[in-house]
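Please read the structure below before turning to the comments.
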Amino acid sequence: MSLSAFLRSRYGRGFASRAEIEAHHDAAFRRFRAKVMPRSPFYRDMTGLPLAQLPRMNKARLMEEFSAINTCGIDRDQAIQIALSAETSRDFSPLIGDISVGLSTGTSGQRGLFLATSGERRLWAAIMLGRYWPQLWRRQRVAFFMRADNALYRSMSNLLVRFEFFDLLAPFDEHLPRLAALDPTVLVAPAQVLAVLAREHIAGRIALSPRRIISVAETLSPDDAALIRHAFGIGADQVYQATEGVLAMTCSRGQLHLNERWLRIDRDVIDPATGAFCPIIHDFTRKSLPILNYRLDDVLIPDPTPCACGCASQHIARIEGREDDILWWESAQGPRLITSEAIRTTIACLPQKLRDYGIVQRGKALHIWLDGAETGAENALREQLLNLGSRLKCRPPEFVFHTGSPPEIGAKRRRIRVEKGPHIDEFRA
Ligand SMILES: [Zn+2]
């Protein structure tokens with residue numbers, strides 16, 4: 001493991017000022033330009049360009065240019081073959097040399113390919129463990145729930161850590177006996193899975209006593225955060241991590257900070273009213289597959305107040321979800337972003353009880369499912385949504401109420417979302 005990264009992540013003070021962060025990024029980019037870019041056929045001739053003038057990347061463009069961008073001479077089609085056969089066999093050990101290959105699938109179904117050298121895997125483990133290790137002198141048992149294993153995460157297993165992987169694609173009930181036997185001190189899982197485990201714990205079907213709970217891979221909603229705290233007596237830390245890198249982590253005060261120690265993160269503001277932005281990242285740790293001027297379609301809501309922990313790195317209120325999961329309502333100034341947080345709060349404040357709900361925007365119609373709701377809930381919600389619209393000076397879409405349980409999409413069950421389709425682009429255009 002990278003000892004200096006571990007120590008810096010555990011004991012290092014945060015950045016004192018914006019100027020210090022910028023100087024740190026300038027130095028990191030100078031090193032990157034001298035040492036890494038010349039080894040990438042794609043970037044070789046661009047070492048003289050400022051960051052903002054490098055080609056704008058996203059998942060699709062990175063895939064197109066994969067063979068030229070990576071510095072290891074790895075061919076895209078060969079890497080895809082290796083990653084696909086690992087997904088099928090669920091044997092995730094295959095490597096090319098010491099480089100592990102992984103596949104990611106976005107909500108759009110677009111496939112992404114990523115690489116990690118053993119050095120990059122050690123750095124990742126050092127940053128994570130430095131930040132979240134509960135007690136240095138005790139051996140920890142880590143349960144890690146994820147969609148696909150890859151050598152990135154298994155590099156954590158050693159004398160200090162017993163690490164077990166739980167495949168999210170396997171039947172959930174099969175995990176419970178093994179999880180109980182492991183009795184993890186650290187529980188790492190997507191937010192929705194943590195919520196399911198919290199319910200199992202409350203129902204007495206499993207007894208867990210983790211000292212650290214880390215929510216990864218998707219947004220932790222306030223409802224789920226409260227449920228997890230109620231079940232286990234501790235709050236969940238959040239690591240906002242995409243295959244493109246570890247983008248943000250909670251600090252000692254439980255606030256999310258962008259990971260500016262290792263990445264530079266610029267903003268593509270999509271809603272000036274809230275400051276909501278899609279991050280454009282430059283990752284100075286990624287030497288096998290350079291990630292430069294890369295736009296993610298996640299939407300982050302900034303928090304302009306300085307964090308009490310004293311670190312000057314960008315502080316965000318929350319990750320709102322994918323760009324495609326944001327509601328847009330009409331206003332005199334054009335379409336306006338409606339956060340899922342505002343909708344959740346509206347629902348939570350209804351005087352009537354309900355079992356569950358789902359809200360889906362399809363073009364200019366807002367489909368609403370209220371499951372097991374008390375009488376009057378529908379009218380109360382209609383009124384509250386209209387109030388929300390007038391507070392935010394915009395007009396809600398037409399409401400279409402449904403009864404019964406809300407529809408589900410795939411493994412990720414999101415209560416509030418926008419259904420993709422040309423009508424949304426028309427609406428926003
Ligand atoms: Zn903080």
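All heavy atoms count here, side chains included; hydrogens, waters and symmetry mates do not. Start at 1 and go down the list; that is how both ligands and their atoms are numbered. Owing to the predicted nature of the structure, the values given are computational and were not obtained by experimental measurement.
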query = At the Zn ion (ligand 1), what's the angle from C309 SG to C307 SG, rounded to 10 degrees?
reply = 110°
ask   = Are T274 and D271 linked by a side-chain donor-acceptor pair shorter than 3.5 Å?
value =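 On atom types as modelled, these side chains qualify, holding a pair under 3.5 Å.
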note = Which of R253, R212, R229 passes salt bridge (charged side-chain N to carboxylate O under 4.0 Å, His left out) with D237? It is R212
query = Is the Zn ion (ligand 1) under 2.8 Å from any N, O or S atom of H257?
reply =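 It does: H257 brings an N, O or S atom closer than 2.8 Å to the Zn ion (ligand 1).
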ask   = Would H315 count as a contact for the Zn ion (ligand 1), in the sense that one of its N, O or S atoms lies under 2.8 Å from it?
value = no
ask   = Just checking, R264 and F284: is the charged tip under 6.0 Å from the six-membered ring centre and within 45° of the axis?
value =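 Checked: cation-pi criterion not met.
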task = Using a cut-off of 6.0 Å, state whether more than 12 heavy atoms not belonging to R39 lie near its atom CZ.
result = yes
